[in-house]
**Q** 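The structure's right below; bear with me while I get my questions together.
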Amino acid sequence: MLNQVELIGRLGNDPEFRTLNSGDRVCNIRLATTETWKNDAGERKERTTWHTVEVFGKGKVNAIEKCLRKGSLVHIIGQLRYDEYEKDGVKQVRAKVNLSGPKHQVIFLDKKPTEQADDEPGSEG
């Protein structure tokens with residue numbers, strides 16, 4: 001089975017960091033992907049989709065903290081996850097892209113193509 005998501009987009013705001021009770025740090029990113037097309041009348045149309053990305057792993061989180069800011073262009077490889085919660089008595093479901101596995105990556109496209117946020121330098125993820 002496979003659950004893999006790849007996105008290329010720009011950060012909509014600066015990354016947000018928090019520390020878990022375990023002491024591990026987590027980074028949350030709001031990522032915008034935009035598609036463009038021409039309609040039947042030849043007019044250019046555009047649609048932006050916003051994605052919530054949650055990043056775990058000391059190497060990835062530290063690299064993001066040093067290198068990424070609002071507007072940064074990144075390539076994300078992660079896994080689709082869903083959070084379920086209740087708000088005002090109504091069940092809510094929220095999708096997010098999770099980067100916690102060894103093959104999950106954040107590749108910085110504003111820098112040299114070989115620079116990426118991995119848990120270990122030179123590793124695949």
**Q** What pairs of residues pass the salt bridge (Lys or Arg N to Asp or Glu O under 4.0 Å) test when at least one of them lies in residues 24-35, not counting sequence neighbours?
**A** Arg25-Glu65, Glu35-Arg47
**Q** Counting C-beta onward and ignoring hydrogens, is there a side-chain heavy-atom pair between Ser100 and Lys60 closer than 4.5 Å?
**A**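 Ser100 vs Lys60: side chains apart.
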**Q** Can you list everything that forms a salt bridge (charged side-chain N to carboxylate O under 4.0 Å, His left out) with Glu43? Sequence neighbours excluded, please.
**A**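 Per chain and number, Glu43 pairs via salt bridge (charged side-chain N to carboxylate O under 4.0 Å, His left out) with no residue.
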**Q** When you compare the side chain of Val26 with that of Val61, does any pair of heavy atoms fall below 4.5 Å?
**A** no
**Q** At their closest point, which heavy atom of His104 faces which heavy atom of Asn98, and how far apart are they?
**A** ND1-O, 3.5 Å
**Q** For residues 14-21, which side-chain donor-acceptor pairs fall under 3.5 Å, sequence neighbours excluded?
**A**
from	atom 1	to	atom 2	distance (Å)
Asp14	OD1	Lys70	N	2.8
Arg18	NH2	Glu54	OE2	3.4

**Q** Taking only residues two or more places apart in sequence, or in another chain, which ones meet Arg10 in a salt bridge (charged side-chain N to carboxylate O under 4.0 Å, His left out)?
**A**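 Counting only residues at least two positions away or on another chain, Arg10 forms a salt bridge (charged side-chain N to carboxylate O under 4.0 Å, His left out) with Asp110.
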**Q** Heavy atoms only: give me the nearest Lys66-Arg69 pair and the separation to one decimal.
**A** O-NH2, 4.2 Å
**Q** Using a 3.5 Å distance criterion without hydrogens, assess whether the side chain of Asp83 forms a donor-acceptor pair with backbone atoms of Arg94.
**A** no
**Q** Taking side-chain contact (heavy atoms from CB on, under 4.5 Å) as the definition, give me every residue that meets it alongside Val97, ordered by chain and number, with sequence neighbours left out.
**A**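 Once residues adjacent in sequence are excluded, the partners of Val97 under the side-chain contact (heavy atoms from CB on, under 4.5 Å) criterion are Val5, Leu7, Val53, Ile76, Leu99.
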**Q** Just so I know, are the side chains of Thr33 and His51 near enough to count as touching, which here means a heavy-atom distance under 4.5 Å?
**A**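 Thr33 reaches His51 side chain to side chain.
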**Q** How would you list, by chain and number, every residue that makes a side-chain hydrogen bond (donor to acceptor under 3.5 Å, both in side chains) with Glu84, sequence neighbours excluded?
**A** Lys91
**Q** What distance do Leu73 atom CG and Leu68 atom CG have between them, rounded to the nearest 0.5 Å?
**A**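 The CG atom of Leu73 sits 10.0 Å away from the CG atom of Leu68.
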**Q** What distance separates Tyr85 OH from Gln92 CD, expressed to the nearest 0.5 Å?
**A**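 Reported value, rounded in 0.5 Å steps: 5.0 Å.
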**Q** Check whether the side chains of His75 and Glu6 place a donor and an acceptor atom closer than 3.5 Å, and report yes or no.
**A**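 Per modelled atom types, His75 and Glu6 side chains form a pair under 3.5 Å.
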**Q** List the atom of Tyr82, the atom of Ala95, and the distance in Å for their closest heavy-atom pair.
**A**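 Closest heavy-atom pair between Tyr82 and Ala95: CE2-CB, 3.7 Å.
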**Q** Please say yes or no: joined through hydrophobic side-chain contacts below 4.5 Å, possibly via intermediate residues, are Trp50 and Ile8 part of one cluster?
**A** no
**Q** Side chains of Thr48 and Thr34: any donor to acceptor distance under 3.5 Å?
**A** yes
**Q** Is it true that a side-chain atom of Asp88 and a backbone atom of Val90 form a donor plus acceptor pair closer than 3.5 Å?
**A**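 Looks like no, no N/O pair under 3.5 Å.
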**Q** To the closest 0.5 Å, what do you measure between CZ (Arg44) and OG1 (Thr36)?
**A** 5.0 Å
